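Everything below concerns the one structure shown next.
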Amino acid sequence: MLKELVNFTDSLKEQGMANIGVVPKEGLHIVLTLKREDDQVYWPPDGFVSEVYSKKMESLTPFLRDCAAWAQAAWMVNTNKCFDLPAKGIHSCSPFCLAFKRESLKGGAKYTDAKVKLPERVNAYFAKAFELLDDEAEKQRAELFKYALNSEEKLDAILSQIPAYESLKDANYIVFYLNEPLEVYQRANTKYLADKLFNTNQYNVTVAENVYGTSDFFNGFPTKKAYLSHQTASFDIAGRISSAEARSLFEFQDIIGRNILPRPLPIFVDRDELKQDSVALFKKGAEDGERLGYKEIIETLYDKYKNDIGNYYLLFYLAGEIKDFDFVSKFDYYLKDEAGKPWQVYDYFSINYKPLVKNVFDLQYSILVSIFNNSLVVKTKAGGFQYKFFDDIDAKYCKSDNTYLLVMKYRKAFYDFIYKSKRQAVTRLMFDDILQTSILDDLRLDEIKNGNHTQNFSIRQKLNTWFSLAENFEQKNKPSNTMANKLRAYREFIQKLTKNEASIETDEQYAFTVGQVIYYLFTKSKTADTSYKRLEPFLQQVHAKELNKALARLFDTYKHETFSSNFRTPFAEVMAYETKTSIRDLMPTTLAGVFSQNALFSDKEKKEEVETESTQTEE
């Protein structure tokens with residue numbers, strides 16, 4: 001893994017991506033310039049200029065671009081390797097730069113609690129920073145820089161002349177730079193990194209003038225934590241990397257932290273052409289200021305290389321952490337059924353929802369949005385998409401607690417399915433669980449507003465998806481008799497049943513008829529609440545005997561109403577049917593019966609139902 005990342009970083013640098021996207025820290029940047037007169041170098045008290053950088057700025061001024069480059073060559077590796085231990089308040093590590101947050105100065109949140117105030121630690125900081133210098137002239141200039149900043153009074157004297165200082169927040173940085181060529185900064189930085197790139201220097205060895213040590217790339221070294229250390233291993237460390245490799249990994253970590261690369265990030269390791277073309281796409285997106293996504297990059301490469309896309313590592317990084325890193329041997333772009341045709345969602349439940357799912361990204365944008373209630377793949381009001389495959393998710397932003405649990409339970413599986421072409425990651429059992437749970441949630445949340453069901457479209461959309469795509473997630477032994485085929489058979493059967501041309505012979509015929517009966521009886525209700533919540537008591541039944549009792553009670557409630565002749569036989573057949581099969585296992589069929597066109601209405605009732613629906617829609 002580390003070798004591949006080192007090679008990838010070299011590719012980025014070869015194509016000029018080492019400095020793209022470098023920005024200063026958010027806050028106040030102050031550059032001090034020394035003067036030379038009569039062979040004497042000094043710093044005049046007014047010899048500084050400053051600017052504030054905010055992430056809201058659309059572009060950098062030349063001044064801020066210089067500051068960004070200086071800061072890149074002056075920053076610490078991490079707080080454990082800064083020059084301000086144990087306080088860790090100074091984050092620069094250069095004799096030409098002093099950087100800290102506003103919170104460390106008088107009036108800041110950390111100022112009062114600090115045992116030794118930051119201005120009092122400046123001299124100690126520079127004492128360590130001066131060890132990075134070999135040139136005497138550079139040391140003299142750095143000394144002047146130190147003496148301009150090494151007391152609270154001196155810092156106040158400069159900052160009080162800058163109006164923007166008063167508006168800084170505690171989290172904003174205050175960064176002082178000495179106006180020196182970037183090469184001078186980089187020379188000191190190279191010496192700093194030579195000692196700090198490895199996790200620890202304890203295991204460093206030198207071979208042919210090259211230093212080898214333990215990797216610090218997302219790698220802890222818990223020798224002081226016995227419960228994290230291997231207690232029976234015969235070796236102390238797993239391996240070493242060279243200082244050049246350690247430098248590349250450090251630079252890679254810096255580049256991905258700039259958010260100029262796609263997420264997830266494909267790292268091609270096999271074909272040079274693919275590597276070059278992919279990095280060229282990364283660079284173009286970064287230069288244009290519009291980071292290309294994984295979808296755009298893969299689709300662009302797919303057009304050129306067709307079936308050769310594969311053999312790449314896929315890295316997902318977020319907020320400074322690697323969330324997932326895996327090898328993809330082959331990218332399977334298209335989604336096709338047994339007949340070689342694209343996946344198609346059919347409009348079985350009459351809402352004109354029938355998307356064509358030709359590839360994995362269609363699945364992501366068309367299907368995952370709806371079945372996870374806009375909580376995994378989030379369609380924003382602006383029309384864009386956000387993805388929550390690895391993000392922290394707050395349950396209060398999900399449609400329900402059940403939706404939150406579904407997302408957390410299955411999001412990694414769909415990530416593997418879409419981005420790593422692991423078709424086995426999502427199974428029929430998982431798909432059924434998602435759809436059934438989500439539909440039951442919609443039924444529970446349904447209300448009547450302006451005469452319409454709030455969840456009607458969502459329920460029918462999911463039923464369309466469930467009956468159209470479920471078999472595509474079968475891992476093996478795909479059934480020839482699909483949910484869609486069965487649905488057609490049930491609808492033909494109920495027509496015959498109403499005409500006394502058939503009888504209930506199977507559990508599924510029973511379940512579908514039950515759905516039709518429940519919906520028909522519900523239409524006899526004159527209550528204000530006609531929402532789908534009323535289905536819950538029936539769908540919670542496990543045994544047919546208890547379900548039939550519940551139906552009988554519902555019938556008794558409306559027995560004074562007039563029932564159609566089409567209702568009599570189906571109701572009688574349902575009440576007479578017995579089965580030991582769990583009603584829960586028949587739930588998809590029951591729901592199909594509820595939401596299919598009801599065959600139990602008489603012609604007059606059908607007309608009234610249509611007129612009622614039209615009136616509701618108009619409202």
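Since this is a predicted model, take the numbers as computed values, not measurements.
In terms of the side chain to side chain donor-acceptor pair (under 3.5 Å) criterion, D303 has no residue partners (sequence neighbours excluded). With sequence neighbours excluded, the residues satisfying salt bridge (Lys or Arg N to Asp or Glu O under 4.0 Å) with K3 are E245. Legend: residues meeting salt bridge (Lys or Arg N to Asp or Glu O under 4.0 Å) with R460, ordered by chain and number and at least two apart, are absent. Qualifying salt bridge (Lys or Arg N to Asp or Glu O under 4.0 Å) partners for R247, counting only residues two or more places apart in sequence or in other chains: E251. The salt bridge (Lys or Arg N to Asp or Glu O under 4.0 Å) search around D446 returns none, not counting sequence neighbours.
For Y410 and F372, the distance between ring centers is not under 6.0 angstrom. Between F595 and Y532, the gap from one ring centroid to the other is short of 6.0 Å. Y348 has its ring centre no less than 6.0 Å from the ring centre of W466. Between Y419 and F389, the gap from one ring centroid to the other is short of 6.0 Å.
Using a 30° and 60° split on the angle between ring planes, Y294 and F331 fall in the perpendicular class, above 60°. Using cut-offs of 30° and 60° on the angle between ring planes, the pair F414 and F473 is perpendicular.
At distances below 3.5 Å, not a single donor-acceptor pair connects side-chain atoms of D401 with backbone N or O atoms of A395. Without hydrogens or angle criteria, E471 side chain to M483 main chain gives a donor-acceptor distance under 3.5 Å. Panel note: side chain D170, backbone G108; no donor-acceptor pair is recorded below 3.5 Å. At least one donor-acceptor pair closer than 3.5 Å links the side chain of S167 to the backbone N or O of A164. D84 contributes a side-chain N or O that, together with a main-chain N or O of G89, makes up a donor-acceptor pair within less than 3.5 Å. Remark: side-chain polar atoms of S92 are paired, donor with acceptor, to backbone N or O of C97 under 3.5 angstrom. Counting only distance, with no hydrogens or angles, the side chain of R263 and the backbone of Y317 share a donor-acceptor pair below 3.5 Å. Checked by atom type and distance alone, the side chain of H29 never pairs as donor or acceptor with a backbone atom of E26 at under 3.5 Å.
Salt-bridge check for K399 with D441: failed, with every basic side-chain N at 4.0 Å or more from each acidic carboxylate O. Between D216 and K196 there is no salt bridge, since no side-chain nitrogen of the basic residue lies less than 4.0 Å from a carboxylate oxygen of the acidic one.
Remark: R423 is positioned above the aromatic ring of F417, its terminal NZ or CZ atom under 6.0 angstrom from the ring centre and at most 45 degrees off the axis. In this structure, K117 forms a cation-pi arrangement with Y111, its terminal cationic atom sitting closer than 6.0 Å to the ring centre and no more than 45° off the ring axis.
Within the 4.5 Å cutoff, side-chain heavy atoms of K283 are placed close to those of M17. Side-chain contact between N172 and L28: absent, with no pair of heavy atoms (C-beta onward) separated by less than 4.5 Å. Side-chain atoms of P24 and L60, non-hydrogen and from C-beta on, do get closer than 4.5 Å to each other. Within the 4.5 Å cutoff, the side chain of V23 has no heavy atoms near those of the M57 side chain.
Of the candidates Y312, F282, F8, F268 forms a ring pair (Phe, Tyr, Trp, His ring centres under 6.0 Å) with just one, namely Y312. Here the options are F250, Y173, F83, W70, the test is ring pair (Phe, Tyr, Trp, His ring centres under 6.0 Å), and the partner is W75; only Y173 passes. If you run side chain to side chain contact (heavy atoms under 4.5 Å, CB included) between S215 and each of N199, L249, L197, only L249 comes through. Under the side chain to side chain contact (heavy atoms under 4.5 Å, CB included) rule, T437 has a single partner from D432, N402, L405, T403, which is N402.
Judged as a salt bridge (charged side-chain N to carboxylate O under 4.0 Å, His left out), not a single pair has a partner in residues 366-390 (not counting sequence neighbours).
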V594 and F538: CA distance, side-chain angles, deciding distance, side chain to side chain contact (heavy atoms under 4.5 Å, CB included) verdict: CA-CA 11 Å; V594 172; F538 301 95; over 6 Å; no
Assess whether side chain to side chain contact (heavy atoms under 4.5 Å, CB included) is satisfied between S370 and S458, documenting all intermediate values. CA-CA 8 Å; S370 62; S458 178; over 6 Å; no
Working for side chain to side chain contact (heavy atoms under 4.5 Å, CB included), residues L539 and L591: CA-CA 9 Å; L539 298 176; L591 289 170; 3.9 Å; yes
I518 and V514: CA distance, side-chain angles, deciding distance, side chain to side chain contact (heavy atoms under 4.5 Å, CB included) verdict: CA-CA 6 Å; I518 292 173; V514 164; 3.7 Å; yes
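Here M587 contributes atom CE and Q541 contributes atom CD; the two are 10.5 Å apart, rounded to the nearest 0.5 Å. Here the CG-OG1 distance, from L469 to T482, works out to 11.0 Å after rounding to the nearest 0.5 Å.
Across all non-hydrogen atoms, the minimal contact from C398 to I393 is SG-CG2, 3.8 Å. Summarising the geometry of A286 relative to I260, their closest heavy-atom pair is CB-CB, 3.9 Å, with the distance given to 0.1 Å. What you find for K533 and L445 is that their closest heavy atoms are CE-C, 4.4 Å.
Under 3.5 Å, the side chains of S531 and D529 contain a donor-acceptor pair of N or O atoms. Remark: the N373 side chain and the K462 side chain contain an N/O donor-acceptor pair separated by less than 3.5 Å. Side chains of N359 and E299: a donor-acceptor N/O pair is absent below 3.5 angstrom, by distance only. Between the side chains of K478 and N472, no donor-acceptor pair is found at a separation under 3.5 Å. Between the side chains of S366 and D362, no donor-acceptor pair of N or O atoms lies under 3.5 Å.
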